[in-house]
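Written below as structure tokens is the structure these notes are about.
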Amino acid sequence: MNAPLPATTTALDFTPAVGDLAFTPLQRELLAQAHALGRDRFAARAAQWDQEASFPFANYEDLRDAGFLRLCVPTSHGGLGADYATYMMVAAEIGRFCGATALTWNMHICSTMWTGVLADGIPMTDAQRAEHAARRELHFQRIVDDGAIYAQPFSEGTAAAAGRAPFGTTAKKVDGGWLINGRKIWASLSGAADYYGILCTEDKGDDLPDARDTLYISVPASSEGFSISGEWDPMGMRGTVSRNLAFKDVFVSDAEQLMPRGIYFKGAQTWPAMFFTLSPTYLGLANAAYDFTVSYLRGEVPGEPPVKRRQYPTKQIAVAQMRIQLENMKSIFARAIGEAKPNPSKDEKLRLYAAHYSVMEGANDIARLAIRTCGGQSMMKHLPLERLYRDSRCGALMLPWTAELILDRMGRETLYEAGEKDA
């Protein structure tokens, strides 16, 4: 077992993707390590994963060696003990160098964060708490001792992933465990994960599925009846390898439950910030597009002719516009992760929605402006901007909080108090 990273007071020699905040010693240490990994290893490989639409296995070896697979595992279980805000900061830094790595790493980290620090803030009975404590020990141990990777497939092509319907994938209680049946689409880490933490509806045999009966269960990749299928050739985020999963009478033991019965639904109501964790990847991409534009206009892009283009007023104005939008995104993002907690106030929840929308749409706005400002050369595949543009466009489309759903939620929750209806 690797020891936790030491806490230091060393000043950072770069501005993190989240901005220059009042970081704790552990946050500074983790950010410095993430930045070095991204700069020295992930950035150079990003084009390969995009071109091949292949999973970034080499990056995951680096994440494993750095202890980052156990980032949010509590220190009492051998992890680094990062809290919610710390993870969000580190994820943005990784997203700055490889969007596909950051986005898939989010799925793995959430498997530990939801069962760890977030679950600690979800109401449970004493019996449920004891059950959860015993079972998460197994999952944490797999990650800490074996370097296991967990995926977190949501989507089924229905309203379930948005929280508006029960999941079609079902789990039926049998002796010693559960029988899983159903399918998932857009399942990131397909073929790369050791375990798939799926959301499914408990089959109680009454043909009345209920979202309150959502179960969060881990399915080992080696399970009989589990299969992966489908082609993978998307526009962006190609390295996530998000293919289709099928479950046909897949048996998993009771120990594979990642949360006790009924607790996921409570968690979704208690911790809305649990669905904000896709956004740091896109804040990182926005930083990357801005960083490249500045370097390009200054004639400082490695391998490119040292031609300066900064003298044109139109270029200067565009960079100013990009910086203004980026600073706005960083500010609301930092406010939102600082406020993340169980049972936020109405204003805090609306601000969380606003932060998610601002980052997901803003990343593509900045990438679009970067391409227009850098000109035709920026469309070439050997430069990162066209990839950043394609990857950034994917953010607003991602469930459970697409840009459209966020606008719908914000408008409805602003104009209606809980329980209010029109006559």
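Starting from 1, each residue takes its place in the sequence as its number.
Side chains of R393 and E361 form a contact here, defined as non-hydrogen atoms less than 4.5 Å apart. Looking at heavy atoms from C-beta onward, M274 lies in side-chain contact with Y264 at the 4.5 angstrom threshold. Looking at heavy atoms from C-beta onward, I109 lies out of side-chain contact with F68 at the 4.5 angstrom threshold. Side-chain contact check for Y296 versus T373: every heavy-atom pair is 4.5 Å or farther apart. At least one side-chain heavy atom of L383 sits less than 4.5 Å from a side-chain heavy atom of V301. No side-chain heavy atom of V250 sits under 4.5 Å from any side-chain heavy atom of Y196. L399 places none of its side-chain heavy atoms less than 4.5 Å from the side chain of F154. Contact of the L103 side chain with the Y282 side chain is registered, since non-hydrogen atoms from C-beta on lie closer than 4.5 Å.
Taking CE of M107 as the start and CG of L278 as the end, the distance is 5.5 Å to the nearest 0.5 Å. Between the CD1 atom of I180 and the CZ atom of F226 there is a distance of 11.5 Å, given to the nearest 0.5 Å. Rounding to the nearest 0.5 Å places CG of N106 at 12.0 Å from OG1 of T240. Within the model, atoms CD of E156 and CG of L199 stand 8.5 Å from one another, a figure rounded to the nearest 0.5 Å. Once rounded to the nearest 0.5 Å, the distance linking CZ of R45 with CG of D62 reads 4.5 Å. Summarising the geometry, atom OG1 belonging to T112 is positioned 9.5 Å from atom CD belonging to Q152; distances are rounded to the nearest 0.5 Å.
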Point to revise | Derivation of the ring pair (Phe, Tyr, Trp, His ring centres under 6.0 Å) call for Y353 and W401 | key: CA-CA 9 Å; Y353 293 154; W401 284 2; 5.2 Å; yes

Point to revise | Test side chain to side chain contact (heavy atoms under 4.5 Å, CB included) applied to E256 and R135, step by step | key: CA-CA 7 Å; E256 295 298 344; R135 286 179 177 157; over 6 Å; no

Point to revise | side chain to side chain contact (heavy atoms under 4.5 Å, CB included) between L245 and R183, intermediate numbers included | key: CA-CA 5 Å; L245 310 181; R183 63 189 292 270; over 6 Å; no

Exercise for review: With side chain to side chain contact (heavy atoms under 4.5 Å, CB included) as the test, would you mind laying out the steps for W105 and Y87 before giving the verdict?
Suggested key: CA-CA 11 Å; W105 186 57; Y87 161 68; 3.5 Å; yes

Practice item. Check the pair I198 / F247 against side chain to side chain contact (heavy atoms under 4.5 Å, CB included), numbers first and verdict last. Key: CA-CA 11 Å; I198 65 166; F247 309 88; 3.7 Å; yes

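At a cut-off of 3.5 Å, with distance as the only test, a side-chain donor of Y290 or R323 sits close to an acceptor on the other residue. Between the side chains of N328 and S331, no donor-acceptor pair of N or O atoms lies under 3.5 Å. When only modelled atom types and interatomic distance are considered, Q141 and H77 share no side-chain donor-acceptor pair under 3.5 Å. No side-chain donor-acceptor contact under 3.5 Å links T15 and D20. For E202 and T170, the side-chain atoms include no donor-acceptor pair closer than 3.5 Å.
The shortest non-hydrogen separation linking T270 to G121 is CG2-O, 3.6 Å. What you find for A336 and L352 is that their closest heavy atoms are CB-CD1, 4.1 Å. When all heavy atoms are compared, the tightest approach of S279 to V359 is O-CG1, 3.3 Å. Heavy atoms only, all atoms of each residue included: V18 and K330 are closest at O-CB, 3.9 Å. Summarising the geometry of G99 relative to L285, their closest heavy-atom pair is CA-CD2, 4.1 Å, with the distance given to 0.1 Å. Here the closest heavy-atom approach between residue P16 and residue E93 is recorded as CA-OE1, 3.3 Å.
None of D203, D213, D254 except one satisfies the salt bridge (charged side-chain N to carboxylate O under 4.0 Å, His left out) rule with K173; the exception is D254. D194 pairs with exactly one of I149, D146, L189, I143 by the side chain to side chain contact (heavy atoms under 4.5 Å, CB included) rule, that one being I149. Among I332, D365, I406, L283, the single residue meeting the side chain to side chain contact (heavy atoms under 4.5 Å, CB included) criterion with S358 is I332.
For F276 and F333, the distance between ring centers is under 6.0 angstrom. Aromatic rings of W114 and Y84 (six-membered ring for Trp) have centroids beyond the 6.0 Å cut-off, not under it. Checked against the 6.0 Å centroid criterion, the rings of F55 and Y60 qualify as a close aromatic pair.
A salt bridge between R412 and D408 is present, with a side-chain N of the basic residue lying under 4.0 Å from a carboxylate O of the acidic one. Salt bridge absent: K346 and E413 never bring a charged side-chain N and a carboxylate O closer than 4.0 Å.
Environment of CZ in R212: sparse, with no more than 12 heavy atoms of neighbouring residues, nucleotides or ligands closer than 6.0 Å. Within 6.0 Å of CE in M380 there are 12 or fewer heavy atoms belonging to other residues, nucleotides or ligands.
At least one donor-acceptor pair under 3.5 Å links the side chain of R238 to the backbone N or O of D50.
A cation-pi arrangement is absent between R39 and F97 under the rule of less than 6.0 angstrom and at most 45 degrees off the ring axis.
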